[in-house]
Structure formats: C-alpha cells, structure tokens
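Since the structure comes first, as structure tokens, the remarks are kept for the end.
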Amino acid sequence: MDTKFLKIMSRNIGQKMTRAMEEIYDLAGGVFNINSPKQLGLILFEKLGLPPVKKTKTGYSTDVTVLEKLKNQHPLPEKILEFRMLTKLRSTYVDAMPALINPKTLRVHGSFNQTVAATGRLSSSNPNFQNIPIRTEMGREIRKAFCAQEKDHFILAADYSQVELRIMAHLSEDPNLVAAFKQDADIHTHTAAMVFNLKQEDITSDMRRTAKVINFGIMYGAGAHRISQELNISHGDAGAIIKAYFERYTGVKDYIEKTITECKELGYASTLYGRKRPIQDINSENRNLQEAAKRAAINMPVQGTAADIIKIAMIRMHDWMKKENLKSKMILQVHDELVFEVHPDELELLKKQVPAIMELAGKLIVPLKVDVGVGKDWYEAH
DNA sequence: GCGATCAGCGCG
DNA sequence: TTACGTGCTGATCGC
C-alpha cells in the first residue's frame, strides 16, 4: 500500500468535504447531520417542501435515485450526493486501509471466503478487496495506493471479457449470441443492431447503452418495470425492447424458461459444472417470493458457472506457478479478474501465460477472452 | 456501552 | 412491486 498517497488523498477529500458541508448548511438554512437520512428527510421534504419520491420502512427515502429526481428542483440534492461520495470514499477506503496494514509484512491481509455466496462466488472481507472503487475518477484514484511492494515490481490485472454473456451463449446455444462471440463482435453493439433492426455501423452510443442495460437485465431476469427505470423510458417502450430482444434471441428465451421449469421440478438451479443452489421459494404461494426465486434461478447458472471457471483457473495458476518456482504472487480475485504482484524477470512470461491459463479454464462453445494490463499499481494495470 | 437493524452505496 | 450476488459505514434503537 502507498500510505503516503492515501494520506494526501484523505486531506484533499477532507477539504472538499468542508466546502460541500458549508454549501449544504447554507442551502438547508441550518446545521444538521448530513449523514443522517432521517434528518436529511426532514430538511428536504418538510422544511423545503420537495416532493417525497419514495418511502423506506422507516420514513422518507433519500437514496441516489430520489436525489437524482430532485436535482432540477433544488440545488441541495446534488450537493448531498457530492458529500456522500466524498464521505464514502474517505471512510470506507482511504482512511480504512492504512489502519489494516500488518506491521510485520507491511501489507493488508484480507480474507477470501469460500462458503458465503449462494452462487459459488468467493466473497472478500476485512477488508473487502472486491469493492474497491473504479466507476468514478475520484474513486478510481484510490487504486493508485494498491502498488507492488518492491520498487521495480509490477501489478498485473487479467480480467475475463463479458464472461457471463459468453456463458449465457454456451448454456442457451442461441445462434445469434454464439455467432456474435465467435466473430468477437462488440456484444452490446451487436445486441443493439438486433433489437433495433439496424446495421452495426448505424448504432449510436445511446442505442449501445440501451442494449447494455438489456444484456445485463436479461441475465438478472429483469422486467419492463426495472428496465424502464434504468433507462428513463416508458414502461411500454421498455416492454417493446424486451419483446424485440426475445424475438431475436429465442434460444435465450427458451433457455430461461427451461431453467425455471427445471428448478420447479428439482428445487434447485445448477451450474455447468454441477454446483447446486437450492431455491426453496420457487414453488411458493407468495407471488413476490416466487418471482424473486425465478430471477435467482435464472442468474445462478450464469454467475455460478463464471465462479466455477475462475476457481479452476486459480487452481491451475497456483499449480503452474509452484511448478515453475515463480517469485510472482497471485494476490487478488475480483469475480472475473485476477491480480498479480509480478517480479520484473517474470513479467513477459506472466503476460503470456496468465491469460492463456484463464482462457483454457472453461471449455465453452464460444471462446473465452481475457484482457491483461500491467503497471506499477492497480490503477495503471486497469 | 453494546449488539442488532436500517439506509445507503461501493464492486462484479 | 421494482434486475442477481456480495461487505462496510454511520445512524439509530433497544436492552
């Protein structure tokens, strides 16, 4: 860990927090605990009279979807979101990591838990290395603190490209999806072309974004309601897009139906390698429970097979590294990614062999593809 | 003072 | 009502 870097980052975020806090008190007309959703709810929905969009069990919801909707009516919600991002990054990562450094090894040693997640994934705790920020630039900066311990060593990150959609292609044998991966097409552009009935070269970035949401939504069993929320479109339009998807990818539709039927008969869903997840509620009288169980049943074979494949890769990787007496170390797993700390003499070897071992870990009717990055830290390696 | 629960949000 | 799987933090509540 680069603790010097984190110390500077903590100070910088602290300054930004102070500025945001002052503006928030100004806009709210008084001091309150910004981290308290209860106090914030009173300010937004009673003092300022903004419309309460959503409720929680205990009162007004003030989550990100609510504040996004209120942005155009008052400047406060946006400032709250900024403040929340800053506090999240500082308290969960920037200030937490240095405190976990082992004084003997000067490293942070977390746990990878093998018997927590129902799908067969690993989970990570104390700290959770599987949720280090990447989606915002400010958050992503935190990865610069995850660096090789010795000066001339490297961090190498190798991640499976679209592994869950490739698994969906294999399991469903859908000709369109299989063909897309055999051609190594940009999968979201391909889906957009299918759904909107256009040539791939005529797909706009907006259409691609829509297709990306659909591709993920399908694997989670999303309905028109959720898709419409996600894309900010009408329920009817969302339903039409889903319908168009299943007309083009009938193999996926059939596979999903088959998976649910089988789960109802057997009481469990399973992965390509035979890992089972019991799904009790699949025959529940309670509609909500049964619908949630169906979504879990749809997702299990996809998420669980991906977990099986990366575990196989990790075992083979370990065996290989041991056999070759390598000095480099496999240090992290983030569901579809493996991270290594690499000795400079071994860099070229690992750049070649790591993706090869990962790509061969699963035998699917479509190829597996692994992208590799190298740098002095996890930020550069990505 | 302490543990449990809730809301919120970080990741794939 | 709301798309799957996780873990951590701070606020709050009850004992």
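The model shown is predicted, which means the values in this text are computed figures rather than measured ones.
At a non-hydrogen distance threshold of 4.0 Å, nothing from residues 364-380 of chain A comes into contact with DNA chain B. DNA chain B lies under 4.0 Å from no heavy atom of any residue of residues 245-282 of chain A.
A tilted orientation is assigned to the rings of A:His188 and A:Phe216, their planes being inclined by 30° to 60°.
In terms of the side chain to side chain contact (heavy atoms under 4.5 Å, CB included) criterion, residue partners of A:Glu247 (sequence neighbours excluded) are, by chain and number, A:Lys243. In this structure, the side chain to side chain contact (heavy atoms under 4.5 Å, CB included) partners of A:Thr87, at least two apart in sequence or on a different chain, are A:Met17, A:Asn35, A:Phe83. The salt bridge (charged side-chain N to carboxylate O under 4.0 Å, His left out) search around A:Glu257 returns A:Lys253, not counting sequence neighbours. With sequence neighbours excluded, the residues that form a side chain to side chain contact (heavy atoms under 4.5 Å, CB included) with A:Glu324 are A:Trp320, A:Leu326. When the side chain to side chain contact (heavy atoms under 4.5 Å, CB included) test is applied to A:Asp95, the partners found at least two apart in sequence or on another chain are A:Ser10, A:Arg90.
Distances shorter than 4.0 Å separate none of the side-chain N or O atoms of A:Ser125 from OP1 or OP2 on C:dG7. In terms of phosphate contacts, A:Asn113 brings no side-chain nitrogen or oxygen within less than 4.0 Å of OP1 or OP2 of C:dT6. Proximity of A:Gln39 to the phosphate of C:dT12: a side-chain N or O atom is located under 4.0 Å from OP1 or OP2. Between A:Lys38 and C:dC13 there is a side-chain N or O to OP1 or OP2 distance below 4.0 Å.
If you measure from atom CD1 of A:Ile242 to atom C1' of C:dA3, you get 10 Å, rounded to the nearest angstrom. Regarding A:Leu42, its CG atom lies at a distance of 16 Å from the P atom of C:dA11, rounded to whole Å. Computed from coordinates, the A:Gln114 CD to C:dG5 C1' distance equals 16 Å when rounded to whole Å. Residue A:Ile241 contributes atom CD1, which lies 16 Å from atom C1' of C:dA3 at whole-angstrom precision. The interatomic distance linking A:Phe32 (CZ) with C:dT12 (P) rounds to 12 Å, in whole Å. Counting to the nearest Å, the C1' atom of C:dT6 and the CD atom of A:Gln333 are 12 Å from each other. Distance A:Leu165 CG to C:dA3 C1': 14 Å, rounded to the nearest Å. For the pair A:Leu40 CG and C:dG10 C1', the computed distance is 14 Å after rounding to whole Å.
At a threshold of 4.0 angstrom between heavy atoms, the contacts of A:Ala118 are confined to the sugar-phosphate backbone, with no base atom among them. At a threshold of 4.0 angstrom between heavy atoms, the contacts of A:Arg226 include nucleobase atoms, whether or not backbone atoms are also involved. Looking at heavy-atom distances under 4.0 Å, A:Asn33 makes contact with sugar-phosphate atoms alone, never a base.
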- Sugar-phosphate means primed atoms, P, OP1 and OP2; the rest is base. With that split, encode nucleotides 6-12 of chain B 5' to 3' as B, S or - using protein heavy atoms under 4.0 Å. SSBBBBB
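Taking 4.5 Å as the limit, every side-chain heavy atom of A:Val342 sits out of range of all side-chain heavy atoms of A:Val374. Residues A:Lys369 and A:Gln162 fail the side-chain proximity criterion, which asks for heavy atoms closer than 4.5 Å. Taking 4.5 Å as the limit, some side-chain heavy atom of A:Tyr273 sits within range of a side-chain heavy atom of A:Ile312.
Each salt bridge (charged side-chain N to carboxylate O under 4.0 Å, His left out) pair with one or both residues in residues 16-34 of chain A, not counting sequence neighbours, appears once here: A:Glu23-A:Lys79. Evaluation of the salt bridge (charged side-chain N to carboxylate O under 4.0 Å, His left out) test over residues 215-236 of chain A, restricted to residues two or more places apart or in two chains, returns A:Arg226-A:Glu230. Sorted by first and then second residue, the salt bridge (charged side-chain N to carboxylate O under 4.0 Å, His left out) pairs involving residues 195-205 of chain A (not counting sequence neighbours) form an empty list.
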- Item | Under the 3.5 Å Watson-Crick or G-U criterion, the dot-bracket string of DNA chain B, with | for inter-strand pairs | |||||||||.||
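A:Leu100 and A:Phe146 fall within the same hydrophobic cluster, defined by Ile, Leu, Val, Met, Phe, Trp and Tyr side-chain heavy atoms under 4.5 Å apart, directly or through other members.
Shortest non-hydrogen contact noted between A:Gln149 and A:Glu341 is N-OE2, 2.8 Å.
The cationic group of A:Lys144 does not satisfy the cation-pi geometry with A:Phe5, failing either the under 6.0 Å distance to the six-membered ring centre or the 45° limit from the ring axis.
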